[in-house]
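Note: hydrogens, waters and symmetry copies are ignored here, and every other heavy atom, side chains too, is used. Along the sequence shown, the residues carry numbers beginning at 1.
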Amino acid sequence: MPAASGAGVAAVLAALLMAAPAGAAQPAWTGTWATAQHASYDPGTSEVTVRIPVRVSAGGSIVRIRLTNGFTDQPVTIGHATVGPRDSGSAVAHPYDLRFGQKREVTIAAGGQAVSDPVRLAVPDRGDLVVSLYFPGRLTHISQHWMGLQTVYWTPDGGGDHAGDSGGSAFTTTDSTLPFLTGVDVRGGDAEGAVVALGDSITDGAASTANANRRWPDYLAARLSACSSTAGVLNAGISGNRITAGTDGNPSALDRLERDVLSQSNARTVILFEGVNDLSWGGANGDQVIDGMREIARRSHARGLRVIGATVVPYRGWGDWWTEGKEADRQQVNAFVRDSGGVFDGYADFDKAVRNPDDPTRYAAAFDSGDHLHPNDTGMKAFADAVGLATLGVARDCPSARVRPAPYQPVFGSFSATE
């Protein structure tokens, strides 16, 4: 008798999960990809379809997507949505129709959210999916994450509904912002939870190679994918983000903690990597940054998450922002992260990973993108390699660490869906 293929096993598992009787325990949804929406713009277009490629972290056999209209003052209607494995460019190997409450069309109120119904789709760890969204009528505003570092494909104005196309010939314009899509969840895989990277432009991937998935959370996902039981890795970085203050288009880490961390599906652990913007140009001192870190840790622990602190990287040479006084504040914050007295459940020494041993106020040349703040691809990998997998509590039997997950209180997404 021939052995069953991996895809066939996944399909059988998905069918069993979907056919479970009402009231039966379902496997937890786990976040496998995310981005933090933070601004909006008026595209001045009508009757268009967008195609958004994403690289998931943990795989599964059932998928759903999460959408937000959080930064607009008008409702948005999505007339047709699909998800499918990426072929190449804007082409999709097989687009699967998505429903919202068993309906093809969904209208999301200003400031609102929506989550799709589940769709059976076998997704491997670190596989590429494409989400397509068709907008009937005038598209007045787009809620978006602007530093996508990923080519996003659009039909021209008036192009119509091409969400169900396998080919990509209808998608003739591109940009790199991520519209409306805020998350992809899976279940039926081997992920034991999700790790959320809460950060600023460095976590967002600034200065890493576009269309190559070389942000440090991507490298961390690659490390975790080698474990026998893995985890989702969710990127909640926003360029320019701060702990101590925010703006209308860039809420502070404290203000967005609930939305971008605590409400993520099956979030287990948060890696807090912020503070350089607060200290360099944001006007905050070391005590204020530490107070903010304490508050993030307190709120995260109250919801059952582990909290891993990350040290603030050197930035001397980045414009004129560095001073000896600010360096003293950075050293104060880093001393706290390394010895927080139980505030953190562990720490990742990103400062040590990339600093110049001959001048610890600066990046080592091998890791510096050239602006003396953001790492190159090699520096991004150095950050991921500095994370102790055992501290995350979400994976087992990893090549570089034997991990025993700590007891936890599961935290599920705040979104609702017909399951």
Side-chain angles (χ1 to χ4, degrees), residues 28-38 54-58 66 68 70 113 145 178 181-186 191-205 213 215-225 230-239 241 243 251-275 292-293 295-310 337 343-348 350 380 383-384 386-389 391-395 405-406 408-415:
W29 285 108
T30 296
T32 187
W33 179 90
T35 194
Q37 300 278 319
H38 63 101
V54 299
R55 168 72 56 85
V56 306
S57 49
R66 293 182 286 118
T68 184
Q113 300 166 335
H145 179 94
L178 300 171
L181 182 67
T182 191
V184 178
D185 297 338
V186 294
E192 294 200 355
V195 177
V196 187
L198 179 60
D200 49 39
S201 59
I202 299 175
T203 298
D204 213 1
N213 298 296
R215 312 164 192 86
W216 73 261
D218 298 318
Y219 283 114
L220 180 60
R223 289 185 65 202
L224 285 166
S225 70
T230 186
V233 179
L234 308 179
N235 191 326
I238 298 177
S239 180
N241 203 232
I243 294 174
S252 73
L254 285 163
D255 288 341
R256 67 189 184 95
L257 183 67
E258 175 68 33
R259 184 199 71 179
D260 290 341
V261 177
L262 304 183
S263 292
Q264 295 287 359
S265 298
N266 207 11
R268 296 278 199 92
T269 302
V270 55
I271 301 175
L272 173 59
F273 181 31
E274 297 228 22
M293 288 180 164
E295 177 66 10
I296 289 171
R298 183 193 67 77
R299 289 170 55 191
S300 299
H301 282 146
R303 296 285 289 276
L305 275 71
R306 296 172 62 85
V307 184
I308 307 302
V337 171
V343 173
F344 296 130
D345 300 290
Y347 73 91
F350 288 178
M380 290 289 184
F383 288 154
V387 177
L389 299 186
T391 68
L392 301 178
V394 288
Y408 76 104
Q409 172 187 339
V411 178
F412 302 103
S414 60
F415 307 94

Test item: [X] side-chain N/O and [Y] main-chain N/O as donor-acceptor pair under 3.5 Å:
| X | Y | value |
| --- | --- | --- |
| Ser300 | Ala297 | no |
| Arg223 | Ala384 | yes |
| Thr182 | Thr35 | yes |

Nearest 0.5 Å please: distance from the [atom1] atom of [X] over to the [atom2] atom of [Y].
| X | Y | atom1 | atom2 | answer |
| --- | --- | --- | --- | --- |
| Thr68 | Gln113 | OG1 | CD | 5.0 Å |
| Ser57 | Leu220 | OG | CG | 9.0 Å |
| Asn241 | Thr203 | CG | OG1 | 9.5 Å |
| Ile296 | Ser252 | CD1 | OG | 8.0 Å |

Report the C-alpha separation of Val337 and Met293 in whole Å, then their side-chain angles, then the decisive distance to 0.1 Å, and conclude whether the side chain to side chain contact (heavy atoms under 4.5 Å, CB included) test is met. CA-CA 9 Å; Val337 171; Met293 288 180 164; 4.0 Å; yes
Indicate whether any N or O donor in one side chain lies under 3.5 Å from an N or O acceptor in the other, for Asp204 and Ser239. no
Less than 3.5 Å apart, any donor N or O on the side chain of Gln264 or Arg66 sitting next to an acceptor on the other? yes
What are the two closest heavy atoms between [X] and [Y], and how far apart are they?
| X | Y | result |
| --- | --- | --- |
| His38 | Pro251 | CB-CD, 4.4 Å |
| Ala253 | Leu198 | CB-CD2, 4.2 Å |
| Gln37 | His145 | OE1-N, 3.6 Å |
| Val196 | Asp260 | CG1-O, 3.5 Å |
| Ile243 | Gly275 | CD1-N, 4.3 Å |
| Trp33 | Leu178 | CZ2-CD1, 4.1 Å |

Between Phe350 and Phe273, is the ring centroid distance below 6.0 Å? yes
Could Glu258 and Arg303 be called an ion pair, given the rule that one side-chain N must be under 4.0 Å from one carboxylate O?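 Looking at Arg303 together with Glu258, the answer is yes, because their closest N to O distance falls below 4.0 Å.
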